[in-house]
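This report concerns only the one structure given below.
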Amino acid sequence: MMTMDRIGVLTSGADAPGMNAAIRSVVRSGVYYGVEMVGIKYGFQGLLNESLEKMDASSVGSIIQRGGTILQSYTCDEIYTDAGQEKAIENLHKQGIDSLVVIGGREDLAVAASLQKKDFPCVGIPATIDNDIPGVAEAIGFDTGLNTIIDYIDRIRDTASSHEKSSIIEVMGRDTGNLALWSGLAGGAENILIPEKKEDMNTIIEQIKSGPSRDKRYSIIIVAEGSGVSGIDLNTRLKEEAGIESRVTVLGHTQRGGAPTARDRVLASRLGAHAIDLLLAQESGKVVGLKNNKLVSHTFEEVTSQMSKIDEGMYELSGRLSI
Ligand code: F6P
């Protein structure tokens, strides 16, 4: 095992529940091996501004259960430029930081990949409620986001069934449909609209309209924000084209907040420790993950060079179960 004097850690992009549990694990694992740990505030912006703080075991006390990120996050455009990345590396050297752990989503891991390419050792930890990182089975925050959505679907179903009135629920996921697909399947939705499947709107409206002939008095329709139609537009079309009165709920940022589930806390704890193990073994240039409940690592290339895919079988199943 190589000696590393100082390791930096930052969270970047959209926050995800479980990021704090990951920070805790990274910091305590480093401290356990005698490494000096440095927290970088405000993501990559903090790296450019040198907004750093030394962290020890107690800096990460009582955060495992908290949503958000104690290191804050920020959208930093400069870090996507060559000059920004060079400045970041210069600042890291100036601060005596030998390597960096980046906790974040697709774009954030892509920045880590660029820093690595410029010879600065980095390891990435996938964290995003969207679960849209190619090759990574489960990102930190996905399970919590899903459970939050399901809680809302169940609540909305109570009132939808009482009034026999359809409900449209718009969920996040950016340009991908994993959140919508998983929550729709778990919430027993009649229709799930996702970007990966461009369904004909007329067919969907016909399906909803024909619900009563199949003894369905109301429908729960999950719309991914990136599906090409908003929940509000679908509501208008249902009313105007089929005379169906429905209600819309846009879950928005409720999906990103809240205490991480036990699953996310365990995932974050395992991935955080694995990130430090890789750096100390001089195996940077990787993104940590779990496969079949075993710790694995992916190359930056694997996770940044393609788009994530949905599980086709799950999509087919959701249609079969909503007859
Ligand atoms: O990536 C997480 C996410 O919550 C997406 O699902 C969503 O599209 C986006 O972030 C929203 O970002 P913002 O908070 O900047 O509006």
Side-chain angles (χ1 to χ4, degrees), residues 10-22 42-46 66-69 71-80 102-113 124-153 168-184 186-187 189 192-197 222-234 248-261 264 267-268 271 287 289 303-304 306-310:
L10 61 81
T11 50
S12 178
D15 63 321
M19 275 185 164
N20 280 328
Y42 304 102
F44 291 109
Q45 187 64 48
R66 280 170 57 186
T69 160
L71 288 176
Q72 317 289 136
S73 198
Y74 197 84
T75 310
C76 170
D77 294 333
E78 200 183 336
I79 201 66
Y80 294 103
V102 173
I103 306 172
R106 256 191 297 161
E107 279 86 6
D108 317 294
L109 299 180
V111 172
I125 301 183
T128 163
I129 62 163
D130 303 337
N131 205 32
D132 62 348
I133 301 173
V136 172
E138 191 167 332
I140 296 167
F142 180 54
D143 187 60
T144 308
L146 260 185
N147 279 288
T148 303
I149 297 171
I150 288 159
D151 183 36
Y152 284 116
I153 295 177
I168 300 164
I169 304 168
E170 186 181 303
V171 304
M172 281 185 162
R174 219 167 33 152
D175 50 357
T176 60
N178 265 327
L179 259 188
L181 176 58
W182 282 64
S183 62
I192 304 172
L193 277 64
I194 54 176
E196 292 86 346
K197 295 280 170 190
I222 305 295
V223 178
E225 62 177 349
S227 67
V229 64
S230 72
I232 290 175
D233 288 348
L234 178 61
V248 195
T249 309
V250 179
L251 294 183
H253 286 84
T254 60
Q255 297 159 93
R256 282 227 307 254
T261 56
D264 269 328
L267 177 65
L271 297 190
V287 171
V303 304
T304 53
Q306 16 152 7
M307 274 297 281
S308 69
K309 294 190 178 69
I310 56 146

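In listed order, ligands and their atoms are each counted from 1. The basis for the numbers below is simple: all heavy atoms, side chains too, and nothing from hydrogens, waters or symmetry mates.
- Scanning E225, R174, H253 for the heavy atom closest to atom 7 (C) of ligand 1 points to E225.
- For the residue pair S308 / D132, no side-chain donor-acceptor distance below 3.5 Å is found, with atom types taken as modelled.
- Here is the list of ligand 1 atoms found below 4.0 Å of a heavy atom in A14: 1 (O), 2 (C), 10 (O).
- The closest protein non-hydrogen atom to atom 9 (C) of ligand 1 is R256 NH1, 3.8 Å.
- Panel note: side chain E225, backbone R174; a donor-acceptor pair is recorded below 3.5 Å.
- When each of I150, L146, I149 is tested with W182 by the rule side chain to side chain contact (heavy atoms under 4.5 Å, CB included), just one qualifies, namely L146.
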Start with the C-alpha gap between V223 and V171, add the side-chain angles, then the distance that decides, and say whether side chain to side chain contact (heavy atoms under 4.5 Å, CB included) holds. CA-CA 6 Å; V223 178; V171 304; over 6 Å; no
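- Between M172 and ligand 1, no pair of N/O atoms sits closer than 3.5 Å.
- The heavy atom nearest to atom 6 (O) of ligand 1, out of those in D175, D130, T128, is found in D130.
- In this structure, a donor-acceptor pair under 3.5 Å is present between the side chains of D143 and T261.
- Not a single protein heavy atom sits closer than 4.0 Å to atom 15 (O) of ligand 1.
- Checking side-chain atoms of D264 against main-chain N and O of G141 turns up a donor-acceptor pair under 3.5 Å.
- By the 4.0 Å heavy-atom criterion, G173 is counted among the residues contacting ligand 1.
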